[in-house]
Amino acid sequence: MSRSRQLTAIFCVATSLGVAWGLNFFFESLMAPRYPARLAYDPVDHMPPPVDMAAVQRGWPESLNEPEQRVRLIAYLGDMERQGRSQTIVSSAATKPAVLDLGTLLASADPHVGQVKAQVCTSCHDFTRGGPNRIGPNLWGVVGRDVASHPGFSYSQAMSAQPGAWSYQRLFDYLASPARAVPGNKMSFAGLRSPEDRAAVVRFLGTLGTNPPSLPQPQGSGHEGK
Ligand code: HEC
């Protein structure tokens, strides 16, 4: 290859590189790329680093070869236990006011709120007078009614074996956890966790009937139960 051809080749390559760069510069200034402030995906760096538990566990006893380390670990464990204990004390003190008697809960419970909360029951229960049995029995007048006594409904053995009638208290306890209150009964409903919600529902159930029993009296600061 002659020298002039070499030069021409180099010149051509340089020119096309220059043109490409120039065009790139020109178009980029036309349409400035905008980078999002946040990545659309979570980079792997944000994931917790993988921990080799086997290595960690193998490392433990080794570091405990020094007596000083052992003492520190034992002190730490003792501290954890003490902290746990004081936490239980704190939490049991904190839940104390929540253990209200049913009378007090019912006195401040709103039957309209209860009716809303009782929407979950309507997939299985009808609340109207003379209404049908569904998956569960009709609940008109259930407060004060004998347990498992609604005509035309085939109750489970567990429910039929329950003596007596539904009081506010019994309904309140049953609805907390039907499976625990009447083991083996066939109401597949987890229960209402919050005592306030349960009191509202029970209060609402009390409005369904011609002659519901009177509400239990709120108990004062005394702790007489029944
Ligand atoms: C998944 C369906 C289902 C849901 C939801 C349900 N129940 Fe029931 N319930 C039943 C069945 C079934 C029985 C009959 C239980 C038995 O015979 O063992 C029953 C029984 C009862 C009884 C006893 C009635 C009697 O005549 O002795 C009461 C009270 C009751 N349910 C209240 C409620 C309330 C209040 C709710 C809503 C908070 C509710 N249930 C939600 C299915 C349901």
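Sequential numbering from 1 along the given sequence is applied to the chain's residues. This one's a predicted model, so the numbers in the text were calculated from it and none came from an experiment. In each ligand, atom 1 is the first atom listed, and ligand 1 is the first ligand listed.
Proximity to Ala148 (heavy-atom distance under 4.0 Å) selects the following atoms of ligand 1: 25 (C), 26 (O), 27 (O). Residue Trp166 approaches ligand 1 through these ligand atoms, each under 4.0 Å from one of its heavy atoms: 23 (C), 24 (C), 25 (C), 27 (O). Taking a cut-off of under 4.0 Å to the non-hydrogen atoms of Val120, the atoms of ligand 1 that pass are 5 (C). The Tyr155 neighbourhood of ligand 1 comprises atoms 17 (O), 25 (C), 26 (O), 27 (O), with distances under 4.0 Å to a heavy atom of that residue. Interface atoms of ligand 1 facing Arg145, defined by a heavy-atom separation under 4.0 Å, are 25 (C), 26 (O). For ligand 1 and Leu171, the ligand atoms under 4.0 Å from any heavy atom of the residue are 29 (C). Numbered from 1 in the order shown, with element, the atoms of ligand 1 that lie under 4.0 Å from a heavy atom of Ser188 read 1 (C). Ligand 1 places these atoms under 4.0 Å from at least one heavy atom of Gly136: 10 (C), 11 (C), 12 (C).
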* **Derivation and outcome, side chain to side chain contact (heavy atoms under 4.5 Å, CB included), residues Asn185 and Tyr174** => CA-CA 11 Å; Asn185 91 103; Tyr174 177 59; 2.7 Å; yes
* Check against side chain to side chain contact (heavy atoms under 4.5 Å, CB included), Asn138 and Phe127 -> CA-CA 6 Å; Asn138 178 288; Phe127 289 129; over 6 Å; no
* Walk me through it: do Met159 and Met187 pass the test side chain to side chain contact (heavy atoms under 4.5 Å, CB included)? => CA-CA 10 Å; Met159 192 57 98; Met187 166 155 144; 5.8 Å; no
* Hey, mind stepping through Leu102 and Phe172 against side chain to side chain contact (heavy atoms under 4.5 Å, CB included) and telling me if it holds? -> CA-CA 8 Å; Leu102 184 59; Phe172 183 76; 3.4 Å; yes
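Atom 2 (C) of ligand 1 has its closest protein heavy atom at Cys124 SG, 1.9 Å.
Comparing heavy-atom distances from atom 33 (C) of ligand 1 across Lys117, Met159, Met187 singles out Met187 as nearest.
A donor-acceptor pair is defined here as one N or O able to donate and one able to accept, closer than 3.5 Å; no such pair exists between the side chain of Thr122 and the backbone of His125. Side-chain atoms of Asp146 never come within 3.5 Å of backbone atoms of Ser149 as a donor-acceptor pair (strictly under, hydrogens ignored). Thr15 contributes a side-chain N or O that, together with a main-chain N or O of Phe11, makes up a donor-acceptor pair within less than 3.5 Å. No side-chain donor-acceptor contact under 3.5 Å links Arg203 to the backbone of Pro111.
Using a 4.0 Å heavy-atom cutoff, Ala118 is absent from the residues neighbouring ligand 1. Distances shorter than 4.0 angstrom do not occur between any heavy atom of Ala158 and any atom of ligand 1.
What you find for Tyr168 and Pro213 is that their closest heavy atoms are OH-O, 2.9 Å.
Distances from atom 8 (Fe) of ligand 1 show that Cys121 has no N/O/S atom below 2.8 Å.
Atom CZ of Arg134 has more than 12 heavy atoms from other residues, nucleotides or ligands within 6.0 Å.
At a heavy-atom distance under 4.0 Å, no atom of Val182 approaches ligand 1. Looking at His125 against ligand 1, only its side chain comes within 4.0 Å, counting heavy atoms.
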